[in-house]
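All chains are named by letter (A, B, ...) in the order of the sequence lines, taking the proteins before the strands, and each is independently numbered beginning at 1. Here the structure is a predicted model, which means the values were calculated and not measured.
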Protein chains: 2
Amino acid sequence: MRKSFLFLDTITNKVDAKGRVSLPADYRTIVKELSTEIVCYRSLTAPCIEGCTEELLEKLAADIENSTDFFSEDQDDLTNLIFGDAKRFSFDSTGRIVLTEKLLKHAEITENAVFVGKGKKFQIWSEENWAKEEARIREKVKLSRPCLRIKENNND
Amino acid sequence: MRKSFLFLDTITNKVDAKGRVSLPADYRTIVKELSTEIVCYRSLTAPCIEGCTEELLEKLAADIENSTDFFSEDQDDLTNLIFGDAKRFSFDSTGRIVLTEKLLKHAEITENAVFVGKGKKFQIWSEENWAKEEARIREKVKLSRPCLRIKENNND
DNA sequence: CAAAATACCATGATATACCATATTCATATA
DNA sequence: TATATGAATATGGTATATCATGGTATTTTG
């Protein structure tokens, strides 16, 4: 039995005329093992779709309920936006989900969808936008290596 | 039951046309005992592949989830880079993993892969690049021996 | 009843799991 | 010290299973 459930890797799949895309097999495994569902919404900060398990959204909701003061008012507003936008996506027997027009348009996705793992979350990009975004981030990291320390210090 | 699981030693194995390499037996033992998986990604700072257990990445993901807000920009960028690039590698009954073209290219690996233990993590180098890197490190240590102290004290 | 959304089937490409052989390494023995 | 012996590991090859994707049937909904 696995202990960890992380969305990893970067995988490009085709989107057909109906908006159908294969959810990467690894991602499906996580959904099955946690007996949850995938939830997607428009990213608030980038031209991409953001996704996670419904389980994670439930946790977020619980956190807000239990300790309101822990979250700033701004964050509370943002969370509202996400919950309002989020939609549940279940995949069929062949492993595909059907993305909505609204989401595809926001992410400017036409032919291909690029799934990018983010640990507990993942994103879906158009090839062009992801290429730009990855370049931007790599450039940024080159200039400020200290950020990486977070990782290095994580030993025990 | 063992308490510490460190990736040690330097081992060279062949990479075949499909990118298959034997994971050093010692490394396999660690993976089995922790019932986890190996995760590899391109080093952000050197021409080599970096690897660790999925367990370690899981800790990182947990830290990110807890220590910062859901919407921090830096965290967002960093998680994209690390989790988006990282890929899970499970070994078959003979102990081999199949490295991807992307990773091999980044590390300039063709014939042989050099596994270098780094404690909680390890690296995979081409023979040429590792020779250079090792020489560089040894030279650096010669010039500033005090640094070594820091390292020695770090073990427990 | 028409249109759209959803579920199922078929196929080729790709990746994975397994078997067989060679090599290395450690131990024992002369 | 050199050599024999056996076990563990590494490596080459091949069969098998999985996955992505195009197409079609079936159900839902207005």
Side-chain angles (χ1 to χ4, degrees), chain A residues 2 7-33 37-40 49 51 87-105 109-117 122 124-127 130, chain B residues 7-33 35-41 49 51 54 86-105 109-117 122 124-127 130:
Chain A
R2 276 174 56 201
F7 295 110
L8 299 177
D9 208 356
T10 297
I11 288 146
T12 302
N13 284 339
K14 277 199 174 177
V15 182
D16 73 8
K18 298 175 202 164
R20 289 190 303 182
V21 213
S22 279
L23 196 67
D26 278 1
Y27 291 17
R28 278 182 265 163
T29 307
I30 294 175
V31 173
K32 281 181 202 155
E33 295 227 25
E37 298 270 3
I38 287 294
V39 168
C40 293
I49 301 166
K87 184 170 150 53
R88 204 175 286 116
F89 289 87
S90 49
F91 50 85
D92 62 20
S93 58
T94 64
R96 278 185 290 200
I97 58 174
V98 185
L99 294 172
T100 63
E101 196 53 47
K102 183 175 80 176
L103 291 175
L104 290 169
K105 198 173 173 188
I109 292 171
T110 53
E111 295 261 298
N112 293 295
V114 184
F115 291 81
V116 182
F122 63 90
I124 315 177
W125 293 77
S126 75
E127 283 183 303
W130 172 243
Chain B
F7 295 110
L8 299 175
D9 209 354
T10 298
I11 287 145
T12 302
N13 284 338
K14 273 200 177 178
V15 182
D16 73 9
K18 298 176 202 160
R20 290 191 301 186
V21 214
S22 278
L23 196 67
D26 281 359
Y27 291 17
R28 277 182 267 165
T29 307
I30 294 175
V31 174
K32 280 180 202 155
E33 295 229 25
S35 22
T36 184
E37 298 270 4
I38 287 294
V39 167
C40 293
Y41 50 91
I49 300 166
E54 188 170 359
K87 186 168 153 56
R88 208 174 281 117
F89 289 89
S90 49
F91 51 85
D92 62 20
S93 56
T94 64
R96 278 184 291 196
I97 58 173
V98 186
L99 293 172
T100 63
E101 196 52 48
K102 184 174 81 175
L103 291 174
L104 291 169
K105 199 173 173 189
I109 293 171
T110 53
E111 295 263 299
N112 293 295
V114 184
F115 291 81
V116 183
F122 62 89
I124 314 176
W125 292 78
S126 74
E127 284 182 304
W130 173 242

**Asked** Tell me: CG of Asp26(B) to P of dA8(D), nearest whole Å?
**Response** 14 Å
**Glu111(B) CD to dA10(D) P, straight-line distance once rounded to whole Å** = 18 Å
**Request:** Go through the structure and list residues passing side chain to side chain donor-acceptor pair (under 3.5 Å) with Asp26(B), not counting sequence neighbours.
**Result:** none
**Message:** What contact category does Leu23(B) fall into here, base, sugar-phosphate, or nothing, at under 4.0 angstrom with non-hydrogen atoms?
**Reply:** sugar-phosphate
**Complete:** Phe89(A) atom CZ is separated from dT6(C) atom C1', nearest whole Å, by 14 Å
**Fill in**
Separation of dT16(C) atom C1' from Ile38(B) atom CD1, nearest Å, is 18 Å
**Asked** Counting heavy atoms not belonging to Lys102(B), are there more than 12 under 6.0 Å from its NZ?
**Response** yes
**Message:** Between C1' on dA8(D) and OH on Tyr27(B), what's the gap in Å once rounded to a whole number?
**Reply:** 18 Å
**Message:** What's the angle between the local helix axes at either end of the helix from dC1(C)-dG30(D) to dA30(C)-dT1(D), using five pairs per end and rounding to 10 degrees?
**Reply:** 40°
**Euclidean distance, atom CD1 of residue Ile11(A) to atom C1' of dA15(C) [Å, nearest integer]** = 13 Å
**Prompt:** Excluding sequence neighbours, so at least two apart, what forms ring pair (Phe, Tyr, Trp, His ring centres under 6.0 Å) with Phe115(A)?
**Reply:** none
**Prompt:** Name the one of Leu23(B), Val98(B), Val21(B) that satisfies side chain to side chain contact (heavy atoms under 4.5 Å, CB included) with Phe91(B)?
**Reply:** Leu23(B)
**Prompt:** Once you round it to whole Å, what is the distance between C1' of dA5(C) and CZ of Arg88(A)?
**Reply:** 17 Å
**Message:** Which label fits Phe7(A) and Tyr27(A): parallel for a plane angle under 30°, tilted from 30 to 60°, or perpendicular past 60°?
**Reply:** perpendicular
**Request:** Starting from C1' on dA15(C), measure out to CZ on Phe91(B) and report it in whole angstrom.
**Result:** 18 Å
**Message:** With rounding to the nearest 0.5 angstrom, report the CZ to CG distance, Phe122(B) to Leu8(B).
**Reply:** 12.5 Å
**Asked** Mind checking what makes side chain to side chain donor-acceptor pair (under 3.5 Å) contact with Glu127(A), not counting sequence neighbours?
**Response** Asn112(A)
So which protein nitrogen or oxygen atoms get under 3.5 Å of nucleotides 11-16 of chain D's nitrogens or oxygens?
residue: dT11(D); atom: OP1; partner: Lys14(B); partner atom: N; Å: 3.2
residue: dT11(D); atom: OP2; partner: Lys14(B); partner atom: N; Å: 3.2
residue: dG12(D); atom: N7; partner: Arg96(B); partner atom: NH1; Å: 3.0
residue: dG12(D); atom: N7; partner: Arg96(B); partner atom: NH2; Å: 3.3
residue: dG12(D); atom: O6; partner: Arg96(B); partner atom: NH2; Å: 2.6
residue: dG13(D); atom: N7; partner: Arg20(B); partner atom: NH2; Å: 2.9
residue: dG13(D); atom: O6; partner: Arg20(B); partner atom: NH1; Å: 2.5
residue: dT14(D); atom: O4; partner: Lys18(B); partner atom: NZ; Å: 2.9

**Request:** List the atom of Cys40(B), the atom of Leu103(B), and the distance in Å for their closest heavy-atom pair.
**Result:** CB-CD1, 4.1 Å
**Prompt:** Residues two or more places apart in sequence or in another chain: which of them pass salt bridge (charged side-chain N to carboxylate O under 4.0 Å, His left out) with Arg96(B)?
**Reply:** none
